[in-house]
Structures are given as structure tokens and as C-alpha cells.
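What follows is a set of notes on a single structure, which appears directly below.
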Amino acid sequence: MNYHITLIEGDGIGPEVMGSAVEILDASGVDIRWDKAIVGQEAVDKFGETVPEDTINSIKKTKVALKGPVTTPVGKGFRSANVSLRQKLNLSACIRPVINLPGIVTRYQNVDLVVVRENTEGLYSGLEHQVVEGVVTSLKVISRNACNAIGRFAFDYCRNHGRRKVTAVHKAAVMKKSDGLFLEEIRKIAAKYPFIEYDEVAIDNLSMQLVTDPSQFDLLVMGNLYGDIISDLTSGLVGGLGVVPGANIGKDYAVFEPVHGSAPDIAGKDLANPLAAVLSAVLMLEYLGEHAAGNRIRDAAYKVLEEGKVRTGDLGGKSGTKEFTRAIIESL
Ligand code: ATP
């Protein structure tokens, strides 16, 4: 089978880690024709908008994209391309599987959880308003439909991936209406899946529990801002931002991308760990039904990690992005 897939290389370390993922996909023998598209600053310079129509049209045509990280100006400038893309394509669910890697010793060796994050609303609705000088409001939008959609996605994912428990994450003691509505919807869905264990935890308590005993969690479902933060926190449990993949899934389209950002501090220096990008490509292959190729790539990368000779700096090694990529291809 041959595939036509949109490729967004992104900024900073994006071209390096995406280059690695594409090389490894090529070496795996899966036949992919890439349609290159742009977002972020490059798109603003060329088309005057962060996520241009051409990019949206490309993904609407191919249905699937592999995307690198994109720099977003802090506190000013254009709107986050990541947030816009997820909203424009209604990529309502974001999944980040967080699992220990062979040969990578971290504080805990029993982490195997999935963060499922609502991707289109919450505090990332982008609705900010200056009331008067020195006073601003930022709207947290929670809709019954989106809570229902993310709840269904979470329970279906749990069932389809042989997981046992869903934990809903909230702060409904304070945000009684917004997080209250989220919990109300998730509880309704939980009642329809009696064979899946269900519980709830407040976001502050979850943060403490995760860094003391992450093994108690299986699938965590939460809103947009909580999911963004908890994804980075849980990455830290298994080796850092360089190793955790992600997928944004909607009804019609899917965009696969690493959890990490564009890491401008190490860009262009052959220092970035491409594993998060490579494992995002594996998630993409699984979504496409190419399980054998996905497993081969994951096994090849795991073998290199386990041998321990070739590792990037973030994992305590001395190898560069290119050397690690070559080692995975050889292992393939
Ligand atoms: P964003 O705000 O765009 O979400 P972030 O908060 O995830 O970004 P990053 O830019 O990803 O932040 O990275 C934070 C730090 O983690 C970087 O400065 C870099 O040192 C390290 N880092 C991130 N990704 C990688 C990687 N693939 N390989 C090695 N180090 C990385």
C-alpha cells in the first residue's frame, strides 16, 4: 500500500528530528509520498497567517500529517499554530503514551500510562480580553459536546488498547461549573463502560501522586491546559521531552507530533533526540494499520537504546541526532 501524507517539518529542532523520522520510515519500506506544508512564522511571512489554507487543504486531502514542533512567540505575536491547527481540523483528542524505555534508568521503572487531553477548547480557546489597563480576562470554554467527545475517546481507547482504568482529572472544587460539567459528562460515559475501572483526581493532587507513585495510573483524561502541563511532567518520568510521542486525533483527520517544543537552544547542532518524532511516526503507522512496520521501527529503536552505545545527550550519551538515526536504521 502506498500513502500520501502531509509533512510539516516545523521550527528549531523540527527539521532535524523530522528528517530522522522520514529517513527511518523510508528505511522501513513503507511507501510514503510526502506533501510538504508549513505553519508558524514561515507561514506568517509567506501567507500572512499561522496556519494557511494551503496547509489545511493538504491535510484535508491526505487526512494524515506528521508534524514537527513550531515556535510560538511568548506573551505577544501570532497565535499558536498548534492550537489553531487542532481547532481548524477539529483534532479533539490528543494522546501521549508515556512508558519506560529499555535501558533508560529513571527514578521509576514501572511507568506505563497514557495522557488523553482535550485539544480544542478549555483555557486555550484563545479568548483573552483586556477589561481596562492592568486587568485582563482569559476565557475557559467548556462545552458538553467536547467533554462528551473526549470522554468517549478515552474509554474507547482504554478498551481498544487493553487498558483497565480511566482517571478523570479536574479542579471542580474551585471551577464548579466548567470542570463540574467536564466531570458530569465523563461520569455518564463511565457508566456505559462498567468493565473499565473509573476514578477521579484533582489536578494538584495528581501532580503530587505522579511524582511519588506513577504506577497507580493507567489512562488520564483531562482538559487542554492540564493536559499540556501533565504531558511534560510525565515525559520527565521516563527520560524527558526527547522521548515521548503524541497524536492529535479527530473524526476525519490525524496529526502526529512529538510532545516537545522547538527547543531553539539546541537547534541546528545535531544534539536533538529524534526518538519522540520517530515514535510519533510509529503511532502514525499504527493509525494507518501498518502495525508490522510500526513494531519493527519501535523494536529497532529500543534495541539501540538497550545496547546503550549510541544515545543522545539528553539520555546521557554523546551521540548526535544523525548517529542515533543511523544506528536505528542499521538495527532495522
Ligand atoms: P513549547 O512551549 O513549544 O511547548 P516546551 O515547553 O515543550 O515547548 P521545548 O522547547 O520542547 O519546551 O524544550 C524545553 C527543553 O527541553 C529544551 O530547551 C531542550 O533543552 C529540551 N528538549 C526538548 N526537546 C528535546 C529533544 N528532542 N532532544 C533533546 N532535548 C530536548
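Note: hydrogens, waters and symmetry copies are ignored here, and every other heavy atom, side chains too, is used. Order of appearance sets the numbers: ligands from 1, and atoms from 1 within every ligand.
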Applying side-chain hydrogen bond (donor to acceptor under 3.5 Å, both in side chains), name anything that partners Lys303, two or more places apart in sequence or on another chain. none
Contacts table for residues 228-247: side-chain donor-acceptor under 3.5 angstrom, sequence neighbours left out:
{"residue": "Asp228", "atom": "OD2", "partner": "Tyr124", "partner atom": "OH", "Å": "2.8"}
{"residue": "Ser231", "atom": "OG", "partner": "Arg96", "partner atom": "NH1", "Å": "2.8"}
{"residue": "Ser231", "atom": "OG", "partner": "Gly227", "partner atom": "O", "Å": "2.6"}
{"residue": "Thr234", "atom": "OG1", "partner": "Ile230", "partner atom": "O", "Å": "2.8"}
{"residue": "Thr234", "atom": "OG1", "partner": "Ser231", "partner atom": "O", "Å": "3.1"}
{"residue": "Ser235", "atom": "OG", "partner": "Ser231", "partner atom": "O", "Å": "2.7"}

Just by distance, no angles: are the side chains of Thr312 and Asp314 close enough, under 3.5 Å, to form a donor-acceptor pair? yes
Short side-chain donor-acceptor distance under 3.5 Å, Asn248 and Tyr253: no
Ser215 versus Asp213, side-chain donor and acceptor atoms under 3.5 Å: yes
Contact residues of ligand 1 with a heavy-atom cut-off of under 4.0 Å? Ile13, Asp232, Leu241, Gly242, His260, Gly261, Ser262, Ala263, Asp265, Ile266, Ala272, Asn273, Asp314
Side-chain donor-acceptor contacts of residues 56-67 below 3.5 Å, not counting sequence neighbours, with atom names and distances?
{"residue": "Asn57", "atom": "ND2", "partner": "Glu53", "partner atom": "O", "Å": "3.4"}
{"residue": "Ser58", "atom": "OG", "partner": "Thr6", "partner atom": "OG1", "Å": "2.7"}
{"residue": "Ser58", "atom": "OG", "partner": "Asp35", "partner atom": "OD2", "Å": "2.8"}
{"residue": "Thr62", "atom": "OG1", "partner": "Thr6", "partner atom": "OG1", "Å": "2.7"}
{"residue": "Thr62", "atom": "OG1", "partner": "Ser58", "partner atom": "O", "Å": "3.2"}
{"residue": "Thr62", "atom": "OG1", "partner": "Val64", "partner atom": "O", "Å": "3.1"}
{"residue": "Lys63", "atom": "NZ", "partner": "Lys60", "partner atom": "O", "Å": "3.4"}
{"residue": "Lys67", "atom": "NZ", "partner": "Asn82", "partner atom": "OD1", "Å": "2.6"}
{"residue": "Lys67", "atom": "NZ", "partner": "Glu257", "partner atom": "OE1", "Å": "2.6"}

